[in-house]
Amino acid sequence: MPDLQTYFARAIEAAIRELGVPDPPEVVVEPSAVSDAGDYSSPVAFRLARELRRSPREIAQELAAGVSRRPPAHTREITVTGGGYLNLRIDFSSYAPQVIAEALRDPMLLEPDPLAGVKVVVEHTATNPNKAAHLGHLRNACIGDTVARVLRARGHQVEVQNYIDDTGVQVADVLVGIRHLGLTPAPGEPYDRFCSRAYVEVCRRYEADQELVELRRQTLRAIEARDGEIATAAKELTSRIVECHLQTMARAGVGYDLLTWESDIIELGFLRHALDMLLERGVMRKVEQGRLAGCWVLPLDEGSDDDDPEQGDAKVLLKSDGIATYTAKDIAYHLWKFGVLGLDFHYRSWADGGPATSTADPQLATLDPARFGRAGEVVNVIDQRQSAPQRVVKEALRRLGFVSQAEDLLHLAYEVVALSPAAAGALGVDVSEGKSMYALSGRQGIEIGADALLDEAQRQVQAKAKDEATAAALAASAVRYYLLRFGLNSIITFDFGEALRTTGDSGVYLQYAHARACGVLQRVEPLPVPETAPELSVEERELVKLLASFPRAVAEAAESLSPSSLAGYTYRLATAFSDLYEHTERLYRVDDHAVRGLRRALIDATRATMANALTLLGLQPLARI
RNA sequence: GCCCCUAUAGCUCAGUGGAUAGAGCGCCGGCCUCCGGAGCCGGGUGCGCAGGUUCGAGUCCUGCUGGGGGCACCA
């Protein structure tokens, strides 16, 4: 059920209607900025002043009278302060027991999302399967994973897809290194690290070796022909790398429902069929002359089209050599995601306990196709640099007549991870230019490997963790929280010290708060919770309010697709608990059964809510460290 | 040239048009440990510049300046 903040807003809205305002403005209610004023406050009277031609103060007073006639449950008093703020003070004696009971029963309780039941396909990770995942890929995966968790918590049916771009040129690069430069893994070298190394080496040699560039072209053609020894080698390489990626991401708590392979999109004719649709419906057309002569394109500046394909923007879908661009494949993929392509993959399990995967081979199919795709809404977690091609996919859907699908296709853009000068310098990058940040580059080997960072984090917490598994969970918590606490529009300028910090606003601090709560609960036996709470301390009251607002925090994170807002909530909850822990008498010394019973239940409710918040963030709650 | 993001404390970042702009890190001092300091408390006039809208602007609009990214027959 909604919290008192929500009920207060509703009560105010009702009071506004009673004043004869048929269409009230949105009633904003927030925690009171001035704690003396109350617990929740609304400035809505200021908005109404113009329309009603009366002073905000006067309006607020009438609204206060209106709300007071039918106050929400657990209201202690309604007041007016300042120039016209309308405030509610909570009656904690009845509110606290209720909030605690609800937090322990089902912390996700909230009015259902009106969109609940809509199937949402979330695509994230989509790391090229030719090298080890680095920190940028990990940020993508953590964002996508938490978005998926939060949407599920709000009642959506969510399917997480990881798109495997296994027919791209980057795969060819590594194959060239293996087949033509004779590169092999060093003893004990993980396969994905080896491929990263091979990729860097090949890219370095292209500059001076035209023959090698030609070999890349031939290798790519062979892969695209989907036949022969090279294609088989490519399939094996990409499969092994995908397995590495799955293991890396699993360390950070990230999982998938379905792997979708680009090679299957081609083999099963998705691409051909999509191109036919684009052609038949006049969305794509051939350019006869000019710089794009021989290409099939999607014209981008509407209105000024026809006649002069030489002018203006156009996105190439089929190159003059007949090879489709990535965007063309992405259009086909998205038609499939929405279930409007008219074709389907075959499906099998990737491995025991692993995700499902697409396959082009009907003989291998073991899973029901009806389970997959057919999205009502699509969220693509892709970095901000790909905004332009994402717009093209959306526009293509719209022009094909899939207008609602185009509207329900959302590019969840986020900024990249870059390196601080210190971190870049440590990797051997020349930082004499004095730039404030340096870009990651897998091609140049300028990167922080996801596994390497998790290893380093684990090494640093090892000494203080009770065992290996705990250290691993703490390390993942530190890294994952670091990647989630930044807003999506913020470039993370990676810094080792900041990422692996265990104090303050960090994943380890959150774990510590949770473990502490568990420690208290273990030491003190539960007692009955009094129906009417005794006088609460200021720390207890703050905690009750925060617990009550958890569903609201989850809803907000879901609506704005913003993991960082949930991270912020979780941190506030942890600090509120630490505050209580520090500033109230130790629970085992409290003799008053009412105080003890209520506070123990409050701490239990905090533990439960912390555990739920941590889980949504993808951190495994630890009862002991 | 056009488009997108961005500018808040020494540093890294929060901040749905509402009251006195907050955290963390670092630094100094103190407290204490129901989890073992990964804890708590104290020490702070900082919203790039100039206009505008508004009862009210860090938040919205315009312009300027600085930073990042994008506009390939790459993915």
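The sequence lines fix the lettering, A, B, ..., with proteins before strands; numbering per chain opens at 1.
- For the pair A:R139 and A:Y414, the cation-pi criterion (under 6.0 Å, within 45° of the ring axis) is not fulfilled.
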Report summary line: Encoded 5' to 3' (Watson-Crick or G-U under 3.5 Å; [ ] crossing; | other strand), RNA chain B becomes (((((((..((((....[...)))).(((((.......)))))....(((((..]....))))))))))))....

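- For the OP1/OP2 pair of B:C73 and a distance below 4.0 Å, the side-chain nitrogens and oxygens of A:R291 include at least one atom meeting the criterion.
- Comparing the C1' positions of B:C34 and B:U20 gives a spacing of 36 Å, expressed to the nearest Å.
- If you check B:C35, B:C73, B:G69 against the side chain of A:Q384, the one that comes closest is B:G69.
- The side chain of A:V508 approaches B:A38 more closely than any other nucleotide in the set B:U16, B:A38, B:A19.
- Contact of A:T81 with B:A19 (side chain to base): a donor-acceptor pair of N or O atoms is detected under 3.5 Å.
- Of the two residues contacting RNA chain B, namely A:F486 and A:E30, the nearest-nucleotide position lying further toward the 5' end is that of A:F486.
- In the set B:C5, B:A75, B:A38, B:A75 carries the atom at the smallest distance from any side-chain atom of A:D165.
- At least one donor-acceptor pair under 3.5 Å links the side chain of A:H334 to the backbone N or O of A:D330.
- If you take atom P in B:C61 and the same atom in B:U6, they sit 11 Å apart, rounded to whole Å.
- If you check B:G24, B:C41, B:C34 against the side chain of A:R501, the one that comes closest is B:G24.
- Separating the C1' atom of B:G15 from that of B:U59 is a span of 9 Å, rounded to the nearest Å.
- No side-chain donor from either of A:S490 and A:E415 sits under 3.5 Å from a side-chain acceptor of the other.
- Under 3.5 Å, the side chains of A:E468 and A:Q462 contain a donor-acceptor pair of N or O atoms.
- Residue A:R523 has its side chain nearest to B:C34 when only B:A75, B:C34, B:U12 are considered.
- In terms of polar N and O atoms assigned as donor or acceptor, the side chain of A:N87 comes within less than 3.5 Å of the base of B:A19 in a complementary pairing.
- One finds no side-chain N or O of A:Y40 lying less than 4.0 angstrom from the OP1 or OP2 phosphate oxygen of B:G18.
- Contacts of residues 563-578 of chain A with RNA chain B (heavy atom under 4.0 Å): A:Y571, A:S578.
- Mapping A:S490 and A:I323 onto RNA chain B by nearest heavy atom places A:S490 at the nucleotide closer to the 5' end.
- Not a single donor-acceptor pair under 3.5 Å links the side chain of A:Q511 to the backbone N or O of A:L474.
- With centres under 5.5 Å and a plane angle under 30° as the test, the ring of A:F46 is not stacked against the base of B:C55.
- You'll find that the side chain of A:Y85 is closest to B:G18, out of B:G68, B:G18, B:A38.
- In this structure, A:N489 reaches the B:U6 phosphate: one of its side-chain N or O atoms is under 4.0 Å from OP1 or OP2.
- For the pair A:S387 and B:C71, the criterion of a side-chain N or O lying under 4.0 Å from OP1 or OP2 is not met.
- Rounded to whole Å, the separation between the C1' atoms of B:U12 and B:A57 comes to 25 Å.
- With B:A19, B:A75, B:C41 as the candidates, the nucleotide lying closest to the side chain of A:A33 is B:A19.
- B:A21 and B:G63: their C1' atoms are spaced 26 Å apart (whole Å).
- Remark: the A:S320 side chain and the B:C73 base include a donor-acceptor N/O pair separated by less than 3.5 Å.
- Residue contacts for A:G294: at a heavy-atom cut-off of 4.0 Å it reaches no nucleic acid atom on any strand shown.
- Rounded to a whole angstrom, the distance from the P atom of B:U16 to that of B:C3 is 27 Å.
- Ionic pairing of A:E542 and A:K545 is present here: one or more N-O contacts between side-chain nitrogen and carboxylate oxygen are shorter than 4.0 angstrom.
- In this structure, CZ of A:R485 is placed 9 Å from P of B:A14, rounded to the nearest angstrom.
- Contact between the side-chain N/O atoms of A:T503 and the OP1/OP2 oxygens of B:C25 is found at a separation under 4.0 Å.
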